[in-house]
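Working notes for the structure below.
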There are 2 protein chains.
Amino acid sequence: MAKSKSFHHGDLKRALMRAALEILDEDDVAGVTIRAVAKRAGVSHAAPANHFPDRRALLTTLAAEQFEWIFDAIQAGSSRDDLMPIDRIAVLFDVFLQFGLEHPYRYQLLWRYDLIDHDADILREPADRVYDFLTGEIGKIICRKTVDPDTVAVAIWSMMHGYLDLRMTGMFEDRQDIISGKPRAQAILSIISDYLEGLRAAP
Amino acid sequence: MAKSKSFHHGDLKRALMRAALEILDEDDVAGVTIRAVAKRAGVSHAAPANHFPDRRALLTTLAAEQFEWIFDAIQAGSSRDDLMPIDRIAVLFDVFLQFGLEHPYRYQLLWRYDLIDHDADILREPADRVYDFLTGEIGKIICRKTVDPDTVAVAIWSMMHGYLDLRMTGMFEDRQDIISGKPRAQAILSIISDYLEGLRAAP
DNA sequence: CTCTAAAATTGACACTGTCTATATTGACTT
DNA sequence: AAGTCAATATAGACAGTGTCAATTTTAGAG
């Protein structure tokens, strides 16, 4: 078997990832140090080096798992075949919003290019799947040739990410009364929805 | 005088900020350590403690200066009184895009809530000025009462920030051929512009 | 049972921020 | 002019960090 269950820990790599995720949720990525993860997993501070060459690799793997979870959630939510492309985009939007609002530290890790390796295959593959899902659905919507689907994808993805990111920084926090964050988030969704509807219409 | 020119350094606080900005541009915020800043300013590693209680305070001041610069640039660019609100928003957009693309490390620092103190007055004041400028111009555009200007501001700000942020992570980098970044950025601007034009029209 | 390669440990190094005590400076008071 | 004193700069120490090297432990093959 490829994953040899060795030593007293069984599968330390998986145990390290679980410990890292726990610490991430509690303490932000700053708390996810090699030594803290090792301590929670019950091993010495240098044990993780056997499974991850450095901290960047550990965090990259952690981020990749989040992208995989997100993609799975999008697929699960849009598996019904009576959904229109616009509805499937809404599913993607909902998944990201819910994920970001529930797990802000996980979400922010996804974009920490200074801590993770965006060019790594394990990260790029699931991220591309999500992105391709979006561009694919947009392509089904747009009829006229004057608009570039990729530009629309960039615009939508930008607004979605920007809203989440700024919301987490507290940029909008006390500028208006958002409590659960949902109403304002749905307003953003409706803006995007209207925009896409507008694109479908002939010029 | 409040700012006493004392000791051999004259105004160490300003010298520290200059050194910090240089290092930021070269090495990202990770390189802006207290000790590195002190070394570049030619003082001992504990000297900055007299002017900034901790690293967070230093970085917060550094970020505040960037917001002040941005606001000044927006004002300088939109001082002509023959500009329409939509044009003034375009100026804000251009200033942010140019600032972000030219100085990515400065831009990213502005949103590192884990490193700077977003509630500090010195930071919140110039940031609010920029944000209020945007909401003010949007308010001039929107006529119908069914749309909340603040929501529109959030949407626009989100798209602008999201595009810059994602672009810096390399999310769009090799998914299409952007070289200078300007064409795609202008496409985003035109999307926002169209959106605002649509809002002006009666329902 | 032995051998071996992977896995885990221990210790060390150069960093970091920040705290303490100490020394220096410059301006104000008497 | 001499002295005082708060502000400013220094040097040293401490607990952290990531990562490297040498060492020991383990699990399974022969």
Side-chain angles (χ1 to χ4, degrees), chain A residues 1-20 22-24 26-63 105 109 112-117 120, chain B residues 1-20 22-24 26-63 105 109 112-117 120:
Chain A
M1 61 205 80
K3 282 278 161 252
S4 63
K5 295 194 56 171
S6 54
F7 283 68
H8 69 286
H9 226 300
D11 195 345
L12 180 56
K13 187 164 188 174
R14 208 164 293 268
L16 290 173
M17 295 307 299
R18 175 165 33 234
E22 288 179 13
I23 300 174
L24 176 66
E26 300 167 6
D27 266 14
D28 203 351
V29 69
V32 185
T33 67
I34 294 281
R35 295 172 112 102
V37 172
K39 173 178 277 187
R40 181 166 300 218
V43 292
S44 74
H45 68 268
N50 292 301
H51 304 277
F52 302 99
D54 52 13
R55 187 167 102 110
R56 170 176 295 263
L58 188 149
L59 294 179
T60 301
T61 307
L62 193 59
Y105 296 150
L109 173 64
R112 287 296 298 274
Y113 81 107
D114 55 331
L115 295 181
I116 69 180
D117 184 10
Chain B
M1 59 204 84
K3 281 277 161 249
S4 62
K5 296 193 55 172
S6 54
F7 285 67
H8 70 285
H9 226 300
D11 195 347
L12 180 56
K13 187 164 188 174
R14 209 163 294 268
L16 290 173
M17 295 307 299
R18 176 166 32 236
E22 288 178 14
I23 299 174
L24 176 66
E26 300 168 4
D27 265 14
D28 202 352
V29 69
V32 186
T33 68
I34 294 282
R35 297 172 110 101
V37 172
K39 173 179 276 188
R40 182 166 300 217
V43 292
S44 74
H45 69 271
N50 293 301
H51 304 277
F52 302 99
D54 52 11
R55 187 167 102 110
R56 170 175 294 263
L58 188 148
L59 294 178
T60 301
T61 307
L62 192 59
Y105 296 150
L109 174 65
R112 287 297 298 272
Y113 80 107
D114 55 331
L115 295 181
I116 69 179
D117 183 11

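Hydrogens, waters and symmetry mates play no part in the numbers below; they use all other heavy atoms, side chains included. Labels below follow one simple rule: chain letters A, B, ... track the order of the sequence lines, proteins then strands, and each chain is numbered from 1.
The side chain of A/His45 lies closest to C/dA12 when the candidates are D/dT10, C/dA12, D/dG18. Among D/dG18, D/dT10, C/dT18, the nucleotide with an atom closest to any side-chain atom of B/Ile34 is C/dT18. In this structure, of C/dG17, D/dC20, D/dT10, it is D/dT10 that holds the atom nearest to the side chain of B/Ala46.
One can place CG of A/Asp11 at 15 Å from C1' of C/dA8, the figure rounded to the nearest angstrom. With rounding to whole Å, B/Lys39 atom NZ is found 11 Å from C/dC15 atom C1'. Between A/Leu12 atom CG and D/dT25 atom C1' the separation is 15 Å, expressed in whole Å.
In terms of heavy-atom proximity, B/Ile116 sits nearest to B/Leu109 at CD1-O, 3.5 Å.
Among the protein residues, A/Ser44 comes within range of the nucleic acid bases, having at least one heavy atom under 4.0 Å from a base atom.
Between A/Tyr105 and A/Glu26, the closest side-chain pair of non-hydrogen atoms is not below 4.5 Å. Contact of the B/Ile23 side chain with the B/Thr33 side chain is not registered, since no non-hydrogen atoms from C-beta on lie closer than 4.5 Å. Inter-residue side-chain proximity for A/Met17 and A/Val37 is flagged as unmet; no heavy-atom pair is nearer than 4.5 Å.
B/Arg112 and A/Asp114 are joined by a salt bridge, as a carboxylate oxygen and a charged side-chain nitrogen come within less than 4.0 angstrom of each other.
Taking only distance into account, the side chain of A/Arg35 never meets the base of D/dG16 through a donor-acceptor pair shorter than 3.5 Å.
Near DNA chain C, meaning a heavy atom under 4.0 Å from it, residues 47-58 of chain A has A/Ala47, A/Asn50, A/His51 in order of number.
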